[in-house]
Amino acid sequence: MQTLLDVILPVFLVIGFGYVAVWRGLFPVSGIDGVMKFTQNFAIPCLLFQAIARIDLSSSYDPRLLSSFYGGAALCFALGILGARVLFRRDWEDSVAIGFCCLFSNSILLGLPITERAYGPEALAGNYAILSFHAPFCYGLGITVMEFVRNRGQSGLSLLRNVSRAMFRNALVIAILGGFAVNLSGLPIPGVVDDALSLIVRAALPAALFALGGVLLQYKPEGDMKAILMVCAIALLVHPALVWSFGTMFNLPQAGFRSGVLTAAMAPGFNAYIFANMYGRARRVAASSVLIATGSSILTVWLWLTVLG
């Protein structure tokens, strides 16, 4: 119970504050859209750029951690596609969008603050290692599979062009690549620039959590409940269980093990809805999955934190 009070509830109270503020008309929906654009396109990219530019690549990038997390994520993506196709008889495009909901954990807005509150700022190295590949891997896999099923028979060059165009319009991907470029080149970030980045970064997570609450109000859980429950089960239970199994098999150190399992245990991020909306496929399933899984994760994250100790 103490874990629930000290670690999880403060994060969800900020989300709830945003939800209630919009619900009661104290904060406009247009304002939430503006805050979300600020966090998604500016503040969080600054956070990722600064974190990756500073991270010790030799000690933080454990192949066992990345293999455990992304092996589990890819399997969940496949399970989501097959479940939607076989169990619910959705067409291939809908199935890929539903699979993406099972693939993309809310690793930034929920994963970072919950891990930090549970284990301290020094425990975030594994989270940042995962995050540096998260958007490129998930969008790369999702877009590639979606473009393949949408354009069967398309030439390889055309497919590559469509995937690259979608990837390099993503602010998170650009920030991650910029952080790697600075880190690998050894070029220092000028002090005044680093201080400015730090000011923006301080606003990133609180503003994003508040905005997430306002966005969730717009997601009405209606219809497709079986598909939605499948997404919630895969995202909240199957993915962290797979990372636990792979991490145990690879003898992953405790810090990386905790980061991997906790990040995998997060609900689908709003990027799941962005992906569905981008292709106009399974939008109701994606929106409702984000809402229901985010609420359910209060209990499931508590479960995983208790098991992790």
So [Y] and [X], do their side chains get closer than 4.5 Å, heavy atoms only?
X: L47; Y: L112; result: yes
X: S297; Y: M266; result: no
X: L110; Y: I15; result: yes

Please enumerate all residues that pass side chain to side chain donor-acceptor pair (under 3.5 Å) together with S198, with sequence neighbours excluded. Q50

For Y273 and S289, test the side chains for any donor-to-acceptor distance below 3.5 angstrom and give the result as yes or no. no

Specify the closest pair of heavy atoms between [X] and [Y], including all atoms of both residues, with the distance to one decimal.
X: P240; Y: A265; answer: CG-CA, 3.8 Å
X: A293; Y: P268; answer: CB-CD, 3.4 Å
X: A286; Y: A272; answer: CB-O, 3.9 Å
X: L242; Y: C76; answer: CD1-SG, 3.9 Å
X: F246; Y: G72; answer: CE1-N, 3.7 Å

Would you check, one step at a time, whether the test side-chain contact (heavy atoms from CB on, under 4.5 Å) holds for F133 with F69? CA-CA 11 Å; F133 288 98; F69 183 85; over 6 Å; no

Answer yes or no: is there an ion pair linking R85 with D91, defined by an N-O contact shorter than 4.0 Å? no

Run the salt-bridge test on D94 and R284 with the 4.0 Å N-O cut-off and return the result as yes or no. no

Do [X] side-chain atoms and [Y] backbone N/O form a donor-acceptor pair below 3.5 Å?
X: D194; Y: I189; answer: no
X: S259; Y: A123; answer: yes
X: S105; Y: S107; answer: no
X: T39; Y: M36; answer: yes
X: W304; Y: R258; answer: no
X: S185; Y: V182; answer: yes
X: S132; Y: A129; answer: yes

Measure the spacing between [atom1] of [X] and [atom2] of [Y] and express it to the nearest 0.5 Å.
X: I234; Y: L237; atom1: CD1; atom2: CG; value: 10.0 Å
X: I200; Y: F42; atom1: CD1; atom2: CZ; value: 9.0 Å
X: D224; Y: F88; atom1: CG; atom2: CZ; value: 9.0 Å
X: L82; Y: F77; atom1: CG; atom2: CZ; value: 10.0 Å
X: I130; Y: I108; atom1: CD1; atom2: CD1; value: 12.0 Å
X: L212; Y: L205; atom1: CG; atom2: CG; value: 11.5 Å

Residue list, ring pair (Phe, Tyr, Trp, His ring centres under 6.0 Å) with F250, at least two apart or on another chain: none

Which residues satisfy the ring pair (Phe, Tyr, Trp, His ring centres under 6.0 Å) test with Y70, sequence neighbours excluded? F137

Yes or no on side-chain contact (heavy atoms from CB on, under 4.5 Å) for L109 and I44, after CA distance, side-chain angles and deciding distance? CA-CA 9 Å; L109 302 192; I44 290 175; 3.6 Å; yes

Following the transitive rule for hydrophobic clusters with a side-chain heavy-atom cut-off under 4.5 Å over Ile, Leu, Val, Met, Phe, Trp and Tyr, establish whether [X] and [Y] coincide in one cluster.
X: L209; Y: L13; value: no
X: L184; Y: Y61; value: yes
X: V215; Y: F38; value: no
X: L48; Y: V201; value: yes
X: L252; Y: V261; value: yes

Summary of ring-ring contact (aromatic ring centres under 6.0 Å, His included) pairs that have at least one residue in residues 94-119, sequence neighbours excluded: F100-F104, F100-Y139, F100-F275, F104-H134, F104-Y139

Qualifying residues under side chain to side chain contact (heavy atoms under 4.5 Å, CB included), relative to L303, sequence neighbours excluded: V307

If the condition is side chain to side chain contact (heavy atoms under 4.5 Å, CB included), which residues does P253 pass it with, not counting sequence neighbours? D62, R64

Apply the side chain to side chain contact (heavy atoms under 4.5 Å, CB included) test between V231 and each candidate in I98, L236, V290, I292; give the one that qualifies. I98

Give the intermediate values and the outcome of side-chain contact (heavy atoms from CB on, under 4.5 Å) for residues W244 and T248. CA-CA 6 Å; W244 184 294; T248 301; 3.6 Å; yes

Within a 6.0 Å radius of atom CZ on F17, are there more than 12 heavy atoms belonging to other residues, nucleotides or ligands? no

Test side-chain contact (heavy atoms from CB on, under 4.5 Å) applied to V149 and E93, step by step: CA-CA 7 Å; V149 300; E93 287 84 351; 4.3 Å; yes

